[in-house]
Participant: 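Submitted below is the structure of interest, expressed as structure tokens.
Letters A, B, ... mirror the listed sequences (proteins, then strands); counts begin at 1.
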Amino acid sequence: MQVEERWKSVWLSRTQSDDLGPLAASGALQVLRAGALLDWERARELARVIFSFLFTLLAAGAGIQVLPEGTARYLAGLFAAAMLVEGITALIYRLRRERLRPEMPVREFVARAHRRAEEMRRLEAVSQLAVLVLSALALIVVLYGPTPAGERAMALDKVASMGILTALLLVAWLRARSFARSWQISRDLESCLQQLGE
Amino acid sequence: MTAQDPRVSLFDELVTANRRRILAIARTYAPAGESSDLCQEILLQMWRALAGFRGESAPSTWVYRIALNTAITYRRRNRRRLEPHCIPLDQSRELEAPSDPGRQVLVLEEFLRALGKIDRAIFLLYLEDLSYRDIADITGLSEGHVGVRINRLRNAFRRLGCGEDHASRRKVEVGVAQPDAVR
């Protein structure tokens with residue numbers, strides 16, 4: 001027991017002499033800086049919701065009004081659907097973002113955080129599946145879709161198809177990355193729950 | 001928010017009185033170079049929770065809970081993984097049992113980082129010289145459960161050969177229960 005007391009005193013005296021680093025300045029100032037970061041993150045989430053719905057409208061409008069009757073028009077429709085999925089996911093995420101009270105005991109906090117992470121993971125799984133299906137349909141459309149008459153229309157159709165397909169695959173990749181992240185978070189919290197004996 | 005704001009005064013008081021604890025937790029849970037980010041996050045959570053602080057629990061308990069909950073669930077804002085130091089302890093390895101305090105602290109830190117997040121919290125609170133009751137209050141576990149966990153961790157630490165007094169350095173075999181490796 002004497003040895004353990006020695007280790008404890010080594011630990012306590014070491015951390016006592018630590019360089020204060022970020023806590024050397026006023027605590028309130030540090031909070032303001034971190035708070036600004038949080039506002040930026042909230043703004044980013046809100047922007048994601050707004051721009052997803054805007055791109056939905058843009059893609060649908062472009063498909064109907066601008067693009068010739070052909071593959072690109074169908075791809076625009078599929079892209080609009082993918083952006084709609086993205087927007088709905090982001091909106092649900094934003095609405096469901098509740099602040100967990102960090103002053104509760106660790107066990108209770110981790111259990112609640114895990115429940116929420118699981119909800120988000122299931123949401124991400126559904127939206128990822130939806131986007132994957134849309135991407136698969138897009139590839140089929142590219143292979144078997146109609147070609148417009150006229151050289152100019154055909155060229156526009158091909159160029160637009162390439163661009164829209166690239167954008168659609170980018171959305172699919174972003175969804176997959178988002179799902180992987182939510183899965184990792186959920187797994188991490190599950191591991192903590194197991195350690196807590198839940 | 002002005003300097004006369006009672007919330008700011010209370011917040012500064014809490015930070016000043018508990019800065020060592022906050023730093024210890026941030027250094028234990030964040031990789032090198034990221035402890036200041038985690039510190040900021042802990043301070044932010046303390047600020048946001050301040051309205052609900054009514055003194056029902058001791059200030060240190062309140063701070064420990066917030067700091068640990070924040071550290072356990074913390075992820076960098078650019079979403080990179082946070083746990084590069086977590087190493088599985090089921091592999092035997094050799095450690096030197098140091099005699100000087102500086103090296104002893106490194107051994108403690110290495111041992112802590114090799115533990116899972118919850119074991120790390122419990123052992124850190126034990127090193128902070130808290131009673132089993134206080135640790136149970138912070139973690140939400142029963143006192144008996146805390147006692148069992150701490151005994152297991154102490155035994156694991158002793159098996160490293162560092163829990164004994166050594167006149168000279170010698171290498172010891174290490175083999176302890178595998179923690180949850182966070183990937």
Participant: Closest heavy-atom contact between B/Glu128 and A/Leu12?
Facilitator: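 Here B/Glu128 and A/Leu12 meet closest at CA-CD2, 4.0 Å.
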
Participant: Determine whether A/Met162 and A/Leu75 fall in the same hydrophobic cluster, where Ile, Leu, Val, Met, Phe, Trp and Tyr are linked whenever their side-chain heavy atoms lie under 4.5 Å apart.
Facilitator: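 The answer is no; the residues belong to distinct hydrophobic clusters.
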
Participant: Only counting residues at least two apart or in another chain, list the ones meeting ring pair (Phe, Tyr, Trp, His ring centres under 6.0 Å) with A/Phe79.
Facilitator: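 None.
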
Participant: Of all residues at least two apart in sequence or in a different chain, which pass the side chain to side chain donor-acceptor pair (under 3.5 Å) check with B/Ser131?
Facilitator: B/Asp134

Participant: How about A/Phe55: does its CZ atom have over 12 heavy atoms from other parts shown lying under 6.0 Å from it?
Facilitator: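 Not buried by this count: 12 neighbours or fewer within 6.0 Å.
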
Participant: Applying ring pair (Phe, Tyr, Trp, His ring centres under 6.0 Å), can you list everything that pairs with B/Phe53, at least two apart in sequence or on another chain?
Facilitator: B/Trp62

Participant: Take atom CZ in A/Phe53; do more than 12 heavy atoms of anything else shown fall under 6.0 Å from it?
Facilitator: yes

Participant: Taking all heavy atoms of B/Thr73 and all of A/Ala113, pick out the closest pair and write down the distance.
Facilitator: CG2-CB, 4.4 Å

Participant: In the single-linkage hydrophobic clustering (I, L, V, M, F, W, Y; side-chain heavy atoms under 4.5 Å), do A/Leu174 and A/Ile185 co-cluster?
Facilitator: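 In one cluster: no.
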
Participant: Using a 3.5 Å distance criterion without hydrogens, assess whether the side chain of B/Asp119 forms a donor-acceptor pair with backbone atoms of A/Gln195.
Facilitator: no

Participant: Is B/Leu112 close to chain A through its backbone or its side chain, or both, or neither, when contacts mean heavy atoms under 4.5 Å?
Facilitator: side chain

Participant: Side chain from CB out, backbone as N, CA, C, O: work out which of these in A/Leu100 comes under 4.5 Å of a heavy atom of chain B, or both, or neither.
Facilitator: neither

Participant: Other residues, nucleotides and ligands only: do more than 12 of their heavy atoms fall within 6.0 Å of CZ on A/Arg96?
Facilitator: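 Counting other residues, nucleotides and ligands, CZ of A/Arg96 stays at 12 neighbours or fewer.
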
Participant: Output the distance between atom CG (B/Leu130) and atom NZ (A/Lys8), rounded to the nearest 0.5 Å.
Facilitator: 9.0 Å

Participant: Grouping I, L, V, M, F, W and Y whenever their side-chain heavy atoms are under 4.5 Å apart, do A/Leu189 and A/Trp183 come out in a common cluster?
Facilitator: no

Participant: If we only count heavy atoms from C-beta on, is the B/Arg65 to A/Pro102 side-chain gap below 4.5 Å?
Facilitator: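 No. Closest side-chain heavy atoms not under 4.5 Å.
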
Participant: For chain A, which residues of residues 140-148 of chain B have at least one non-hydrogen atom nearer than 4.5 Å to it?
Facilitator: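 At a heavy-atom separation under 4.5 Å, chain A is reached by B/Gly140, B/Leu141, B/His145.
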
Participant: Check A/Cys192 against B/Ile72 and note the closest heavy-atom contact, atom names and distance.
Facilitator: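 Scanning both residues completely, I find the closest heavy atoms to be SG-CG2, 3.8 Å.
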
Participant: Same hydrophobic cluster for A/Phe109 and B/Leu68, using side-chain heavy-atom links shorter than 4.5 Å among ILVMFWY?
Facilitator: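 A/Phe109 and B/Leu68: separate clusters.
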
Participant: Around atom OH of A/Tyr74, are there more than 12 heavy atoms of other residues, nucleotides or ligands at under 6.0 Å?
Facilitator: no

Participant: CH2/A/Trp11 to OG1/B/Thr28 distance, rounded to the nearest 0.5 angstrom?
Facilitator: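 The CH2 atom of A/Trp11 sits 4.0 Å away from the OG1 atom of B/Thr28.
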
Participant: Please state whether the side chain, the backbone, both or neither of B/Arg21 comes within less than 4.5 Å of a heavy atom of chain A.
Facilitator: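 Contact with chain A involves no heavy atom of B/Arg21 at all.
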
Participant: Indicate yes or no: at least one non-hydrogen side-chain atom of B/Ile66 is less than 4.5 angstrom from one of A/Glu103.
Facilitator: yes

